Structures are given as structure tokens and as C-alpha cells.
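To keep things clear, I will list the structure first and then write my remarks on it.
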There are 2 protein chains.
Amino acid sequence: MMLKTHSCGTLTKADVGQTVTLNGWVQRRRDLGGVLFIDLRDRTGIVQIVFNPDFSGDALAVADRARNEFVLAVKGSVVERDPETYNANLATGEIEIRVTEIEVMNAAKTPPFPIEDGVEVDESLRLKYRYLDLRRPEMQKTLLLRSKAAKIFRDFLDGEGFLEVETPILTKSSPEGARDYLVPSRVHEGEFFALPQSPQIFKQLLMVGGIERYYQIARCFRDEDLRADRQPEFTQVDIETSFLSQDQLLGMMEELVAKLLRETSNVELALPFQRITYADAMNKYGSDKPDLRFGLEIEDITDIVSSSDVKVFASVAASGGVVKALNAKGCASWSRKELDDLQPFAARYGGKGLAWITVKDGEWRGPIVKFLKEEEIAALTERLGVEEGDLLTFSADKPKVVADVLGNLRLKLGRDLKLIDDSVFKFAWVVDFPLLGWDEEEKRYVAEHHPFTRPNEDDLHYFDTDPGKIRAQAYDLVLNGYEVGGGSMRIYKRDVQEKMFTALGFTNELAYEKFGYLMDAFEYGTPPHGGIAFGFDRLVMLLAGRTNLRETIAFPKTASATDLLCDAPSTVELSQLEQLHIRTVLKPKPAPAAAAAAEGEK
Amino acid sequence: MMLKTHSCGTLTKADVGQTVTLNGWVQRRRDLGGVLFIDLRDRTGIVQIVFNPDFSGDALAVADRARNEFVLAVKGSVVERDPETYNANLATGEIEIRVTEIEVMNAAKTPPFPIEDGVEVDESLRLKYRYLDLRRPEMQKTLLLRSKAAKIFRDFLDGEGFLEVETPILTKSSPEGARDYLVPSRVHEGEFFALPQSPQIFKQLLMVGGIERYYQIARCFRDEDLRADRQPEFTQVDIETSFLSQDQLLGMMEELVAKLLRETSNVELALPFQRITYADAMNKYGSDKPDLRFGLEIEDITDIVSSSDVKVFASVAASGGVVKALNAKGCASWSRKELDDLQPFAARYGGKGLAWITVKDGEWRGPIVKFLKEEEIAALTERLGVEEGDLLTFSADKPKVVADVLGNLRLKLGRDLKLIDDSVFKFAWVVDFPLLGWDEEEKRYVAEHHPFTRPNEDDLHYFDTDPGKIRAQAYDLVLNGYEVGGGSMRIYKRDVQEKMFTALGFTNELAYEKFGYLMDAFEYGTPPHGGIAFGFDRLVMLLAGRTNLRETIAFPKTASATDLLCDAPSTVELSQLEQLHIRTVLKPKPAPAAAAAAEGEK
């Protein structure tokens, strides 16, 4: 076997004169008057190899039988090309290989799609033949980036004294385990393991265990209806620390992210990252993961219009809602259709409508203008920085609805008005999340993060008066409108934990039933601790400039949680189920006539 | 909160005069006439902190309430101890901290066992309170070693151009999936994922996908009856390469292991490692994972005794068996009981008996001596290097039985005679494993490694004549009698693969049914490839000088696949099972009377 001495993509003029052996795949071949040119591809890139009767002898005839994706081993000498035939598109474009020996390592059928970037191929075909899709430069680059990013995380954390500790994959179903993947036990009849939705409890136990600094690039599992950007198994960089303050932890994580961007994207981030409170993020950007690459802030104008003649403004203000405005700079020239389209846009995000005003030729125009008092116009002009050519939009509703409507309008405008610089990585921390949210259905407070999230020391008194006001020591890392990480300081004092459980409406018994062994552990000298988890798939996606998580995973699953390559999930032998003490319970299939009728209803 | 500026175990005389803040756990406390001494422990070690009315003020009273495993924050100055009170057992033994401020970060109940090494504690108690067990220096050291070993693997492989790629955990049940853990699908009624027993197929697909060099520290799962040294989930360093020869791959892995030993154990290994064929290993050491830290080789004496008057020797030789001997140097002085015990020892490994001869005062003694001819004694003397004081042992049976009996006797003698230097790490490659083994039950050849293992080129002709003789390009890495790694070059040529399937008695259809998508992949330009997997848990165990895999895993499972800490597996809500389209099928519990009767039978 002729094994490689060099890699295809790394040869340059400096190698001229050398005899090299290369192994790789045929990217394409051209026969120019009896001289055969083959682009040979390996992981590092492409090099042109030449078969000429003058120097290739029998190798020419062998090479002539090779087709795309054949695996070749060739031996030859590196020569400089005639400068007129330099190929500037190839890193190796100034040289070529004059082949003297060849071995066809393997043949290949014609692949179902071309092995190159930028070709329109149905994604399900790409996933079925993932091993061919992976040969494309774009996929190779992404997997290389992913591997490199993991290394950077590890090197940094190792340098800071973190231990990599593996936590179990076969573990216990969590208290609210509706989304757990379950694994029947062979040994323990009728019992099940669960796959972890995160290593949360284990990482806290490691802190109780005195590990002080833990990390793991951990596989996590969630059995849920999949949206475009979720996978049933996903990877997070899971981190927990003891004896650090929130500021110390966030500062350390910023250094980590800065190193990541420096070494993967050659970008120097300004530190510290902007920190924006949850309240501000919702107010100004209508989102808890704001895209801060552009301004276009939302303004609260409730105070200005609370007694307005615009009835909806006044009534919403009176009933505890908010009125907010977004100034779409320079959009006064929108067509009637564009303005009309604002209504269905608002509806998509739960709004009842969007009022608007155009400012053209010094004049305010729009359905509500005639109801505005002069002093309201003056106040709006100042608050919204109104100028000639502006389009003012208004939403009046419950705060959540207004945030959704104007937050999404802001993102749409940011894109449409090309306010976003795609080359920018704009990181920020969103902090001071609320600790508790009111669950209208259950008529009780629920933990926004989880029941072990530490409340802000300054807000502890609210436990007795207004628990909804308590801020959590919880934080998200956002990047360009995506959440790429999140975590919290954890409760470590028993009295605080009890207040928390009381606020959640748990009796001691219920709390123990749900979190027994963690509560036990907390009795034995728990250090102050807290941590964070980075969504590794999404982070890699953003670093790679991709828009789909599946592009960052070697063997992903589809939106219906199917692996098209190996055809999983699949049925199994009955004997396997018997050994696991389970059987399947399938819904009876509708009779053919009934099925057709049901089909017709769709 | 008073957060640490320094770590307990790292303070030395160089820090004298500094004011430091420490966080840690109370290891022990002593009150000497109103002066309180506390050993404060963190991950780095222990330091003595002192509370004295002269400089501690109110802190003394607070500290006085602290008990073992309380978490303290203390501030104070580093002072040198009186040289007479230097503690040579502590790295920090020349200094102590005079505490001026204290905060009790958390209280602790009395732990169920002392947090120190060398205490006799029931393992199930340690596992239930694993978070306390992890605080022991020994466990901390082992987890640190494990983390460091992972880092060394990664750094080396990264330097050699390997990409870390994550492969799916939710995958397809394998063709012989009797030991698969299954995961019911919520979306796809009646279908199941399986957890991977190894990433074998995916790593080969990555080679088809042009990744060339892949690694992953991968979690693997096997649902089997657990022996002391198995875990239902375990970790392997999984490696696959393209375009390398077996020699190149083994050479690279040796460098990796050498780096591992250098950096974890300060041991410089001699390279290359010894390579011993499977045949030699079985012949000389009776094991395919020989402990090579000592000699005591087994000798084949079939030729010498094939027409012996020792009937069992002659008859075994005539029927295709073997007669082998092990010379237990210096054991002629064994007691009658020790000699008698050889028989049950042999029986334990399937042997019918063990013949023996003592050589004392120049005389051969033992039941079979009178049947030996003079020329046999002469030949044995030479072959076995017989000297005064030796004990000769003989086993005659099928080769497999003889290997088991004498191989295990050899190990026992190695230990009993103290021939083993525990400080030595003796690595070797066992190579040239047989490709196929004859399955007496199924009356067909089965793959010894797996059906994609590449046969030795020189043996291909045996496919047509004597498939059992074909050597595989498969190899194990052994260390001190343990297998710590294993792998093979893979078949990449279609014609060889077909020969292999034919030898296994598979029709093309059956082969496709079992390995369809991998066989499809192999049609599209498969490079020559091969790999290895290291058993990470066991390797760490040996590096740490431990004898139990559970000691190397933060949260291990017991021999009955139970997690005693979080009580998994466990029963789950019926509604969870309904959503997964399964129900449990439990064996009816015997009535109390029947149960008692059954109990009586045991």
C-alpha cells in the first residue's frame, strides 16, 4: 500500500523538487489531449495531479479508469506550474504533481449529489448520505471549528484549575420528568433509568463534594417537540464553581469567550461585556436575548399617552398595560401595503394591532394623528427623537405582548434596514432575571430558572411581601440575539432554601420527595457555588456563520427526531423487549376507510 | 461573603506576612487551653488556622461553634510556626494562619463516616453519600488524575491532527443487540433508539466521510451481567485513522501512552513496546493479556511426553491436546497441603488436575515420577531449566484449558513468589489475533473482533482452505495483565469483505440486513482505515494504583447496575410510559408462602 507522506492541500512552491506520496479522493478529472489532470482532495484541500505519457507510464492508463470519489494513492514529484496556469483559487495553485506511480485504493459509485459546497441538495438526502456530505469543504471546516472550539474551552478551563468530571448518562427521572428519555432496566424489573436533561444535580453534588471547579462537555437529552433549532441530544459546556462571586464567575467566563473568539475567528472582544438587566432588555429591546448589534430602542410612552384621546392608549394605560413606541427611522416612505402589513405582523406575535404615524414634509400623518394633543406630539417628538422621514409605530397591550410585537418588529427592521453588521459578535450578559414567575394555571409561583437559584441578597425581604419582585442571581449570555449560555448562583443556605420552597408552595415533604438526595447533601457542609452552561451546538453554529444546528453536528437528527442515516429509532426484536420487562402499546390503526376519511379532513 | 484569595494547601513559608482569605471545610479541631486550632481543608490540601483571644477577638467564639465539615471563610495572616511544632506530614506544616475574621459559610451534620483515607467504610455507604466520599484526598487525587489523563490524550491527539467528533448516543440497535440499552421513542410509536456499545460504525463512517483522523472520549453502554470490573456505562478513548499502516498507528499510540505515563506517573517507558503474537502469548503465558512484569514462562512439552508411560500425557497428545509445564522455581519446599491445593485450583479453571514433581536433594519426587523414562527426565530438565528446589507442574488437556490452568497458576505464583514489581508499568502489544473462531454451537465461524476486521494480506488464501488460520490485523494493548486497549485495521476492499461474509456463512442479503448502511457507505470511496479504543476507566485505575473501576468514576453504579446515590433505576409515572407507548410486564410476585418456600431452597 502506498501511504501518504504529505497532504494534498498543504503543498506549495517550497516543496518543488520533492517526491511525495499522496492519498485522496478524485474531486474531478479532465483529459486534455491525452494528458490527464485530476484534482485530488483530502482533508487539507485539493492539489492538481498530472498524468502524462512522458513521465507517467502505465499509471496513466490506471488513472484513466478513475472516476469522481475514487480513492487514489499516487507518487510523483512536485513541480511548479507555468505561471500562466497558476490557479489563484487553490492554495496549491502554483504547483502540480507529476505522477509516476498510482494505486487505486478504492473505487466509488457515482455519489447521489456532487461533493462540493453551494450545491442545492435536499437536506434529507444529505442526511441519509451524511458520510458523503461530510466530505464537503464546508462540513469539514465546521467540524474542524467545533473540535477546535472544544479544545479552547478545555485549555482555558484546565488553566483555571477546573477538573473535567464525567457524570452519569443513565440516571434518575427528574421530578418534572415529562421530557425525559427513559431506559428500561433489565436487572430491575419495572424500573427505568432516565437520560439527563442536564448534569445540574450532579454538578451541584460535585461542589458539595469539594471539587470546587468542575467542567464537562456534556451530552444532554430532551424528548420534546423539536423546533428547527433543537436536537433531542445536544451538547453543553457545563461548568460549576465554588467560592466565587457572580462577578468573578462572569469575568472569568468573559475571558474564556474572548479567547474563543480570538482563536477561532480572529476577533478581539472588548471586555467586560455589556451587562443589561432583564427589565431593561425587555423594556428597550422587547426580548431577554436582545440583538445588540444595532440600536433602534423601544420607548415606553405610557406616561405621555395615559390620558390620551386615542382611546386604546388611555384604556390600556388605565388597566395596567403599557404603550410603547418604536421609531423606524427613515421609513415614512413605506407604501400603503407595507404599512397595512404591520397589522398581521403584530397579530403573529399576539398583538391586536400596530398604530403608526409617518412624518413627511414636516407633517404627521396616520389614523391616530387627529386624536393627539399638541403636548403629546411635543413629548413624543422629544422622547422618540422624531425627525423628517420617520415612521413611528405604537403597541398598547400587556407588557409581554408589547415586548413581543415591538421586539420582533425591531428585529425585522434591523434586518430590512440593514442595520446589522454580520461580521460583528456582540456579546452581553442579561442579569437580574426574576426569581419567580406567577403560574396562572397552577395559581402559584414557579421557579423561572430552577428551585436552587439564589435570590439577590437585597431582595430577600420580598419573600414575605411580594415574591414576584425578587431578582435572581441568574444570568444569560446572549450573542447577536441568541442565548448561548445561562446559569445562576445557587442557594446554599438552608433558611433561604426553605423560604424558596415556601414561595413555591411546597411543603417540606413535597420538597423532599422531589429533591430528596440533593437536600440531604446540602445538610453536610455545602459551599457557596454557582455555574453556567454554554449551548455548544449553537455557539459553534454562530461562530461558523451557519443558521442551522444540524450543520454543526456530525450525525444530527431531523426535526422529527429521526436519524436518516442509520434509520433510528426502529423496531426491535420482541425478545429484547421481553428481557426488559416491557411491551409496546400501540394505538389501533384506523381501518382503511376510516383512515381515508381522516385524511380527507386535513 | 468572604471569598478566598488563596488555597489552603498551597501556602508555604514564602507567604509569611501575607494577609489571606481562605475558604474550606473543617477537617478537625483541637482546643488547647482556650486556643483553638482548626485544620482547614480545600481541594489543594490542609492548613492549620489558629484562633487566639489575643488576635482573634469575636472570631474565636464563632469558630468554637464549628464542627467537622462546617464550611468556613477566614481571614488572617500567614505566620511561621515555632520550628518545634513544624508538621512534616503537611505540605503547609511550617506555617499557620492567625485568624482575625471568620464567617461560617455553612454548617454540617456529623457525616456518616470520617472524611479521610484509610478508614474502613462499607462501600454501599460510600456510594450513597458519594458527595462526602469525594471529599477524601484519595478520591480527589483520582479524579484529578482522570481529568489530567483526558487532557493528555486530547493534547497529544490534537497535536497529531485528530478532530474530536461527537457521535450519537441515541442510535440504532445493533444486529446482535442483546446487550443494548433501549430507549422508547415518543414520536415514533413502537420504535426504539439504542445506546451505543461503542461508536464503531460511526467512526468508520467518519473515515468514509474524509475526516482522516478522529477521536472522542466516548461514553459507551452495555447492559450485561456485571462483574466486579465492569460498569453499565463506561468511557473509552475512541480513535480512528485513514491512510496509516498498522505499524504507523501502533507507533503513534505508543508515543501517546509514553506521554501519558511521563506526565501522570513520571515514568519513562522504553519504546517501541514489546510485540507478542497472540499465539506466543497463549503459549508462553496462557493468556491473551499476559502480565509481562515477570518471566515464569509456560513450556510446551507435548513432543517430549507424546509416548510417555504417563498415560494421561500420551493420550492427550494423541487426541490433539497439549501437555505443558510450568517450573515453579524454588517451590519444592511446598507443604503437602499446598501441593494438594493445586488440584482444586486447576479445577477452578476447567482442568482435570495438575501433575507435579518436586526436585529436592537432587531427587525428583511425585506421583508421576516413576512413569517417566530417563530420556524424558533429561529432556524435561533441559527444556524447563530444572534446578535443585524447583516444583514442576504439568497440565494436559485441550490447549484452551491448559492455557487457563497454567496461565492462572503462573499469575498466582507471580504474586505469591513476589516476582512482580508493583512500580513497573509493562506495556505490550498482542498482535496477530485469529480473524475467525469456530462456534461449536452455531457450527460456523464467527468474527473474533468484528466482521470488518482486516485479515493479514499473507493469509488471504486461507479463506478458501482453512479460514481458522487467518490472522487478523487486530491488536490489543496490555498492561500488567490487563487489556487497556484494542483495535484493528478494517476491511476496505469489497472483494475481501465478501470473502469475510462468506466465511461467516452470511448470504449477501443477510449481510446487508445486518450492516446495510455501512455497506452502502463502503461503495462510495472508502479509504484504508483502522483504529483503536482505550478503556479509559481501567487505564486510570491502573495509573492510580487502584483495583476497582468504581474508584475511578465520580458517580459509579454498583455490581447490580444501581446508582445508590440517586436511587436509579426507579419506577416512573404511568403517564410517562403511556406517552412512550409502552407498559411494563412484570412477573407475578409469588404468594408469601411460595416465596418463603423458594427462599428455603436456596
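Nothing here was measured: the structure is a model prediction, and the numbers come from that model. Naming: A, B, ... by sequence-line order, numbering from 1 per chain.
Ranked by heavy-atom pairs under 4.5 Å with chain A, the first of Leu205(B), Asn106(B), Leu134(B), Leu144(B) is Asn106(B). Chosen from Glu573(B), Glu166(B), Lys493(B), Lys148(B), the residue pairing most often with chain A at heavy-atom distances under 4.5 Å is Glu166(B). Top candidate by heavy-atom pairs under 4.5 Å with chain B, chosen from Gly525(A), Pro184(A), Pro527(A), is Gly525(A). In terms of non-hydrogen atom pairs under 4.5 Å with chain A, the most contact-rich of Ser147(B), Ala568(B), Ala554(B) is Ser147(B). Contact count against chain A (heavy-atom pairs under 4.5 Å) is highest for Pro528(B) among Pro556(B), Pro528(B), Ser185(B), Ala150(B). Each of Ile553(B), Ile201(B), Thr110(B) has some count of heavy-atom pairs under 4.5 Å with chain A, and the biggest count is that of Thr110(B). Interface remark: of the candidates Gln140(B), His581(B), Glu164(B), Arg43(B), Arg43(B) forms the most heavy-atom pairs closer than 4.5 Å to chain A.
Looking at Met1(B), the atoms closer than 4.5 Å to chain A (heavy atoms on both sides) all sit in the side chain, from C-beta outward. For Lys151(B), the part sitting under 4.5 Å from any heavy atom of chain A is the side chain, from C-beta outward, and nothing else. For a residue to count as touching a neighbouring chain, one of its non-hydrogen atoms must lie under 4.5 Å from one of that chain's; by this rule Phe70(B) does not touch chain A. For chain B, the nearby parts of Arg213(A) are the backbone and the side chain; heavy atoms of each come within less than 4.5 Å. At a 4.5 Å heavy-atom cutoff, the contact between Ala107(B) and chain A is made by backbone atoms alone. At a 4.5 Å heavy-atom cutoff, the contact between Phe536(A) and chain B is made by side-chain atoms alone. With a 4.5 angstrom heavy-atom cutoff, Ser575(B) does not touch chain A via any of its atoms. In this structure, the portion of Leu244(A) lying under 4.5 Å from any heavy atom of chain B is its backbone and not its side chain. Contact of Ile211(B) with chain A is made through backbone and side chain together, with heavy-atom distances under 4.5 Å. Residue Asp563(A) touches chain B through its side chain alone, counting heavy-atom pairs closer than 4.5 Å. Looking at Arg583(A), the atoms closer than 4.5 Å to chain B (heavy atoms on both sides) sit in the backbone and in the side chain alike. With a threshold of 4.5 angstrom between heavy atoms, Lys128(B) does not approach chain A through any atom at all. Only the backbone of Met207(A) comes within less than 4.5 Å of a heavy atom in chain B; its side chain stays farther off. Looking at Val208(B), both its backbone and its side chain come within 4.5 Å of chain A, counting heavy atoms on both sides. Neither the backbone nor the side chain of Asp133(B) comes within less than 4.5 Å of any heavy atom of chain A. Heavy atoms closer than 4.5 Å to chain B are found in both the backbone and the side chain of Leu170(A).
Note: Tyr131(A) and Tyr524(B) have tilted aromatic rings, judged against thresholds of 30 and 60 degrees for the angle between ring planes. Ring-plane geometry between Phe202(A) and Phe555(B) is classed as tilted, the angle between the planes lying from 30 to 60 degrees on a 0 to 90 degree scale.
In this structure, the side chain of Gln579(A) does not engage the main chain of Gln576(A) through any donor-acceptor pair within 3.5 Å.
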